Amino acid sequence: MITLTINGLEVSVEEGSTLLEAAQFYGFPIPTLCHMEGLTPYGACRLCVVEIGEGPKAKLVSSCTYPAQEGLKVRTASSRVLKARKMILELLLASCPQSKVIQDLASAHQIRQQRFRQEHEDCILCGLCVRMCKEQMVAQAIGFRGRGEKRSIGTPFDIKSEQCRLCGGCIYVCPACQLRCTFTEPDKAICGGCANLSPPCVEKEPFDDMMCYMQPCVACEIKKD
Amino acid sequence: MKTDEVLSILEKHEEDHSGLISILEDIQSKYSYLPAEALKLVAEQTGRSLVDIYGVATFYKSFSLKPRGKHLCSVCVGTACHVRGAPLIAEEFQRQLNVKASETTPDKEFTLEKVNCLGACAIGPIVVMDGHYFSNVNSPQVNQIIKKTKAGLDDAEIKEDRRVYLLDVSCPRCNHSLMDPSRHLDGSPSIRVTVSTEGEHGWLRLSSLYGSFTVESEFGLRTDTIEDFFCPHCHAELKGASQCPLCRAPMVSMIVRAGGVVQICSRRGCKGHMLDIDGSGL
Ligand code: SF4
Ligand code: SF4
Ligand code: SF4
Ligand code: FES
Ligand code: FES
């Protein structure tokens, strides 16, 4: 067992747990976006930042990837943490405002507007879908491609993957809610947004290539132009 | 692409236990790009997933998934070359070859690419054509470079190779002279660099007589090992952008004081080398 302090409370956790697990176990809330139980931590969104250490040595780390250490002093809601978290949420809103997950997180943190150039990305590169596909579906059909600005998610060569089992797992976990692995063959695609096994939108003309019954679907509308 | 060629590359790497990148590098140097079929084969044979291989292949700029032309033209638009007008040169190449960056001409002759720093900032703007350096390039020279490439860069080189003269070289990064007057080889000051192999560091002296292969080294002579060369002053790695024409090991580049770049093979014992005299000598 490892003993550490979270927000002044001395707690002990099992060796190998992350700060996020420790904090959640003792009831300190930490918002997360790219973290999901059952998938390996990836540390992409930085929403789970906490402050560790003291004085000038204090620093921000992502709690979902940081292992608990003996004697560590952790603050999950210091002013520095809150400020960083709000900034991250603003940036997420700037890149992917149509995401319900991001909208909810932003409103829970009292963010009413963002100050950056508005973009409409259909992916925030959180990697949830990639890990879902690899670790839970054992398919490895989709992955990251490219680098920097051009980094994207998809199948090798952008063609339908032979490994994909059309399980829809990737769409289910995606905070940006878009069709992923099967988009080149719309009739085989599964929509996760409506959680309907046979989506009623298939027959609808305006959505003949996107199966969707929300009218209008923010994400799909944006994608159209 | 032939299946057995890729298989033999894979077999070779199986023995060396080398990683994915070296496998892809070998495939790329064989076909000048990474054919989709080859990547699938690599996935099948090594047990890696195709997405991971595709991810690596698209991550590094040196890998290409599209067939490349006969000649690869890299125009440096790194910071140092940029301030000396590299964007104009890149534009000129795009205009004359009538392709955009990272595209290949329809006749499959040239592939144009923009790169960020080729490690020879001191003599920029730099254009590297099939591993041959052109330094201090300006837009009027673009046409000549293209013409010279079509005529055959290697022909031009053989003519130059017959000449015997002394090289005065310096580091392409810090421009500090690499000449060591305290020790003579072949009767003239030697070129001193730092080399390292298998964790050992030490000096290596080369003859400055162009065409002479006399070397002296702290570790004695080991043949057939590829070494990493460093500048003894700024410790930058003296790696060139090209591969040895004889054995495909990486080339080591140094600036020639009179203008131009000399490249030697980093494999001990290999005689591969290239000399590119300054653009003004075109
Ligand atoms: S639908 Fe295909 S790509 Fe998506 S998680 Fe399932 S197997 Fe992977
Ligand atoms: S597609 Fe969705 S789940 Fe996948 S990385 Fe992008 S935002 Fe995350
Ligand atoms: S509503 Fe539109 S974006 Fe959302 S899951 Fe359905 S098709 Fe996808
Ligand atoms: S939840 Fe920790 S970085 Fe995304
Ligand atoms: S910036 Fe062009 S060689 Fe360094």
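Just so it is clear: chains get the letters A, B, ... in the order the sequence lines come, proteins before strands, and each one is counted from 1. Keep in mind that the numbers below use all heavy atoms, side chains included, and drop hydrogens, waters and symmetry copies. Every value quoted in this text rests on a predicted model; they were computed, and no experiment measured them.
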**Q** Heavy-atom count check: over 12 atoms from other residues, nucleotides or ligands less than 6.0 Å from Asp104(A) CG?
**A**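 Yes, enclosed.
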**Q** Which heavy-atom pair separates Gly154(A) from Val51(B) by the least distance, and what is that distance?
**A**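 For Gly154(A) and Val51(B), the tightest heavy-atom pair comes out as O-CG1, 4.3 Å.
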**Q** Does CZ belonging to Phe116(A) count more than 12 external heavy atoms closer than 6.0 Å?
**A**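 Yes.
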**Q** How far does CZ of Arg145(A) sit from CG of Leu65(B), to the nearest 0.5 angstrom?
**A**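 One finds 10.5 Å between CZ of Arg145(A) and CG of Leu65(B).
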**Q** On a heavy-atom basis, which atom in Leu39(B) and which in Phe157(A) lie closest, and how many Å separate them?
**A**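 Taking every non-hydrogen atom into account, CD1-CZ, 3.7 Å.
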**Q** With a 4.5 angstrom heavy-atom cut-off, is it the side chain or the backbone of Phe144(A) that approaches chain B, or both, or neither?
**A**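 Backbone only.
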**Q** Other residues, nucleotides and ligands only: do more than 12 of their heavy atoms fall within 6.0 Å of CD on Glu14(B)?
**A**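 It does not: Glu14(B) CD has 12 such atoms or fewer within range.
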**Q** For atom CD of Glu70(A), is the number of surrounding heavy atoms from other residues, nucleotides or ligands below 6.0 Å larger than 12?
**A**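 Yes.
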